[in-house]
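The structure appears right after this line, and notes come after that.
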Amino acid sequence: MNLIIKESNISGYNHRTKENAKMAGLTCAFACDMFTAGEMLTKKSAGLKYLGFEITRENIADDSYIKEWSGKISRYVKNNKIEVINLAGNGIYTLVKYGISQDDINHLIYKVFKPIVLEGVLKKLISGGQTGVD
């Protein structure tokens, strides 16, 4: 299986957010603060093709949450024949306010997406390529 991880080359989050949501069959947002300007734009841009996951210091390391989130994404991908996911969420400047490091979020994203990638349906994961979640 071949998975492409593509970082956006568009500067400025407004245009990049809209383009990434448009290119993907699903946008998955992981955030401590779901009400930042970036998160609200992400949700609006993705419309019905959006799954948001609120992360906390407690649930980020809880395997039951990780399994639940992974399962929800997997079902959406299979049921809607999605090949491209846009990965979005808070930047590190927001995450650190909640006690979450870049290593913490990298580990979370890996654990959530590993089973989905291994299923072989997903072809591409796109991202803004910034700090934090994407």
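Predicted model, so just to flag it, every value in this text is computed and none were measured.
The side-chain heavy atoms of Glu58 and Tyr65, taken from C-beta on, include no pair separated by under 4.5 Å. For the pair His15 and Glu19, the minimum side-chain heavy-atom distance is below 4.5 Å. Contact check for Trp69 versus Leu108: side-chain heavy atoms found under the 4.5 Å cut-off. You'll find the side chain of Arg57 stays beyond 4.5 Å of the side chain of Tyr98, heavy atoms only. Leu41 has its side chain within reach of Lys18: a pair of non-hydrogen atoms, C-beta onward, lies under 4.5 Å apart.
Atoms CG and OG, from Asp63 and Ser70 in turn, are 11.0 Å apart once rounded to the nearest 0.5 Å. Atom CZ of residue Phe35 and atom NZ of residue Lys43 lie 7.0 Å apart, to the nearest 0.5 angstrom. The distance from the CD1 atom of Ile85 to the SG atom of Cys28 is 4.5 Å, given to the nearest 0.5 Å. Put simply, CD1 on Ile73 and NZ on Lys78 are 12.5 Å apart, with the number rounded to the nearest 0.5 Å. With values rounded to the nearest 0.5 angstrom, Ile55 atom CD1 is found 4.5 Å from Ile60 atom CD1.
Partner of Asn86 under the side chain to side chain contact (heavy atoms under 4.5 Å, CB included) criterion, chosen from Asn20, Leu26, Thr17: Asn20.
Across every non-hydrogen atom of Ile100 and Ile92, the tightest pair is O-CD1, 3.9 Å. Listed here is the closest heavy atom pair of Leu87 and Ile109: CD2-CG2, 3.7 Å. Residues Ala88 and Thr27 come closest through the heavy atom pair CB-CG2, 4.2 Å. Of all non-hydrogen atoms in Asn59 and Thr56, the two that sit nearest each other are OD1-N, 2.7 Å. When all heavy atoms of Leu95 and Gly132 are compared, the pair lying nearest together is CD1-CA, 3.8 Å. For Asn90 against Glu39, the heavy-atom pair with the smallest separation is N-OE2, 3.3 Å.
Between the Glu119 side chain and the Val117 main chain, no donor and acceptor come within less than 3.5 Å of each other. Checking side-chain atoms of Asp134 against main-chain N and O of Ser127 turns up no donor-acceptor pair under 3.5 Å. At distances below 3.5 Å, at least one donor-acceptor pair connects side-chain atoms of Lys49 with backbone N or O atoms of Ala24.
Using modelled atom types and a 3.5 Å distance limit, the side chains of Gln102 and Thr131 yield no donor-acceptor pair. Side-chain contact check for Asp62 and Ser64: at least one donor-acceptor pair (N or O, by modelled atom type) lies under 3.5 Å.
Salt-bridge annotation for Lys97 and Asp33: absent, with no side-chain N of the basic residue lying under 4.0 Å from a carboxylate O of the acidic one.
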Take Ile126 and Met23, measure what side chain to side chain contact (heavy atoms under 4.5 Å, CB included) needs, and give me the verdict at the end.
-> CA-CA 9 Å; Ile126 59 175; Met23 289 188 298; 4.0 Å; yes
Given the rule in the side chain to side chain contact (heavy atoms under 4.5 Å, CB included) test, do Gln130 and Arg16 qualify, once you have shown the distances and angles that lead to the verdict?
-> CA-CA 11 Å; Gln130 305 302 302; Arg16 181 179 62 238; 3.5 Å; yes
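Both Tyr76 and Val121 belong to a common hydrophobic cluster when Ile, Leu, Val, Met, Phe, Trp and Tyr are linked at side-chain heavy-atom distances under 4.5 angstrom. The cluster map of Ile, Leu, Val, Met, Phe, Trp and Tyr, joined by side-chain heavy atoms under 4.5 Å apart, puts Leu51 and Met34 in different clusters.
More than 12 non-hydrogen atoms from other residues, nucleotides or ligands lie less than 6.0 angstrom from OH of Tyr50.
Between Phe113 and Phe30, the ring planes lie perpendicular to each other; the angle is over 60°, past the 30° to 60° tilted range.
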